[in-house]
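Protein chains get the first letters and strands the later ones, always in sequence-line order, with residue 1 at the start of each. All values derive from a computational prediction rather than experimental measurement.
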Number of protein chains: 2
Amino acid sequence: MSTRDDLVEATAELLRERGYSATSPARILERAGAGQGSMYHHFHGKADLARAAMEHVAAVMTEAVESEDDPSLPALDRIRAFLAREWDPLLGCRIGRLVQDAEVVGDDDLRGIADRYFTHLEDWIADVLEVGRAAGELRGDADTRAAAAMVVAVVQGGFVLARAHQDVATQQAAIRGASLALGALRAREH
Amino acid sequence: MSTRDDLVEATAELLRERGYSATSPARILERAGAGQGSMYHHFHGKADLARAAMEHVAAVMTEAVESEDDPSLPALDRIRAFLAREWDPLLGCRIGRLVQDAEVVGDDDLRGIADRYFTHLEDWIADVLEVGRAAGELRGDADTRAAAAMVVAVVQGGFVLARAHQDVATQQAAIRGASLALGALRAREH
DNA sequence: GTCTATAACCGGATAGAC
DNA sequence: GTCTATCCGGTTATAGAC
């Protein structure tokens with residue numbers, strides 16, 4: 001693996017463990033086993049390196065969600081499988097966490113990565129639900145965009161609660177609550 | 001108002017605007033119109049001042065939620081009124097935001113304030129739903145703890161999405177989705 | 001109780017050798 | 001392409017005068 005890749009990898013790890021502001025170039029270099037010259041040769045600076053790392057992480061996470069999906073299942077089962085994924089709540093979402101950092105939100109390049117990541121996820125869920133509606137599985141008047149936003153928000157909020165409590169149980173409870181509540185979208189049985 | 005109160009007030013504002021790590025004592029002093037000596041006279045340091053500010057904010061927010069509640073309404077209406085409160089999503093939750101900061105989570109005094117704040121909120125919502133179940137409004141098998149965790153998580157996750165998108169609409173959609181989905185808890189009509 | 005001066009340290013970035 | 005030495009600015013904390 002190239003020094004450049006080592007730097008991106010080390011940055012991604014530290015972003016996950018400590019967030020953006022609290023991650024210093026010095027620590028990145030230490031973990032990557034590289035000198036300062038390498039970093040400033042391959043990247044313009046800390047923000048540029050973080051941008052590369054965030055883009056890598058967002059691509060990996062998006063790919064993971066879609067590769068685990070089984071489109072032959074009923075829509076609600078697909079969404080419930082998404083909710084039931086293995087999250088790592090104590091570390092927080094690798095993307096969502098960063099967006100609470102003023103430096104990240106103040107940099108349109110960095111925030112844009114999170115923006116597009118969540119937009120893609122919300123669209124994907126809404127599309128799955130639309131398929132379910134077209135198949136008659138869901139109510140004709142189901143608000144699929146609202147439901148998709150709710151699903152993504154429950155996972156993200158679960159991370160917040162897990163970190164506050166230092167305990168994974170509350171995120172699991174929130175996800176269970178959302179899974180159960182999604183039953184409200186189901187078309188009435190005849 | 002005393003210098004001490006000015007310091008707590010200025011800290012609470014900056015915590016909201018910039019988070020914990022990015023808030024320096026120098027900025028607090030500038031905003032409070034005080035010198036460094038005052039701060040170190042009244043508090044042990046930055047963490048101690050933040051603790052006072054977070055405790056103040058958590059108390060104010062808890063009080064606001066409970067004072068806006070109308071216990072004579074049906075349970076689902078009370079929870080939906082909570083969800084429909086005026087949030088300020090672009091700034092993030094004054095408590096939940098801080099918990100993504102490694103320095104806050106690493107300090108049990110600071111994290112403990114967030115921990116207790118959310119525990120209290122989850123308990124309050126679960127209690128309201130229990131009242132609704134006892135009154136026959138909700139299904140007998142409703143998982144009130146899961147539903148309470150979901151409600152708090154949707155609000156917190158909505159803050160995350162609002163910041164990522166720099167747009168309040170997604171939080172509103174998530175809240176609408178949760179409000180609608182809570183209908184799954186309602187007892188069947190006979 | 002409040003002030004200013006200063007210490008000791010760490011952040012991000014640059015310079016220039018190899 | 002990678003290294004080390006160095007700069008400048010900002011951070012938290014302390015000292016000691018008023």
* Asked: Does anyone know the first and last nucleotide of DNA chain D in reach of chain B, 5' to 3', at under 4.0 angstrom to a heavy atom?
  -> D/dT11 to D/dT14
* Under-4.0 Å salt bridge between A/Arg133 and A/Glu130 -> yes
* A/Glu137 side chain to A/Ala75 backbone, donor-acceptor under 3.5 Å -> yes
* What residues form a ring-ring contact (aromatic ring centres under 6.0 Å, His included) with B/Phe43, not counting sequence neighbours? -> none
* Structure fact -> A correct dot-bracket answer for DNA chain D, with pairs being Watson-Crick or G-U at under 3.5 Å, [ ] for crossing pairs and | for inter-strand pairs, is |||||||.||||||||||
* Hey, does the side chain of B/Arg139 reach the backbone of B/Arg186 with a donor-acceptor pair shorter than 3.5 angstrom? -> no
* Tell me whether the centres of the aromatic rings in A/Trp87 and A/Phe82 are closer together than 6.0 Å. => yes
Under 3.5 Å between N/O atoms: give me all the protein pairs with nucleotides 10-12 of chain C, atom names plus distance.
from	atom 1	to	atom 2	distance (Å)
C/dG12	OP1	A/Lys46	NZ	2.6
C/dG12	OP2	A/Pro25	N	3.0

* Look up atom CG in A/Asp69 and atom CZ in A/Arg78, then write down how far apart they are to the nearest 0.5 Å. => 4.0 Å
* Is A/Arg145 salt-bridged to A/Asp123, cutoff N-O under 4.0 Å? -> yes
* Taking 4.0 angstrom as the limit, do A/Glu17 and A/Arg27 come out as a salt bridge? -> no
* Under the side chain to side chain contact (heavy atoms under 4.5 Å, CB included) test, residues paired with B/Ser72 that sit two or more places apart -> B/Asp70
* To do: Give me the residues of residues 100-113 of chain A where at least one heavy atom lies under 4.0 Å from an atom of DNA chain D, by number, or none.
  => none
* Do you know the tightest heavy-atom contact between B/Ala184 and A/Leu180? -> CB-O, 4.1 Å
* **Ion pair B/Arg18/A/Asp101, N-O distance below 4.0 Å** => no
* To do: Walk me through it: do B/Asp88 and B/Arg94 pass the test side-chain contact (heavy atoms from CB on, under 4.5 Å)?
  => CA-CA 9 Å; B/Asp88 197 345; B/Arg94 278 186 280 182; over 6 Å; no
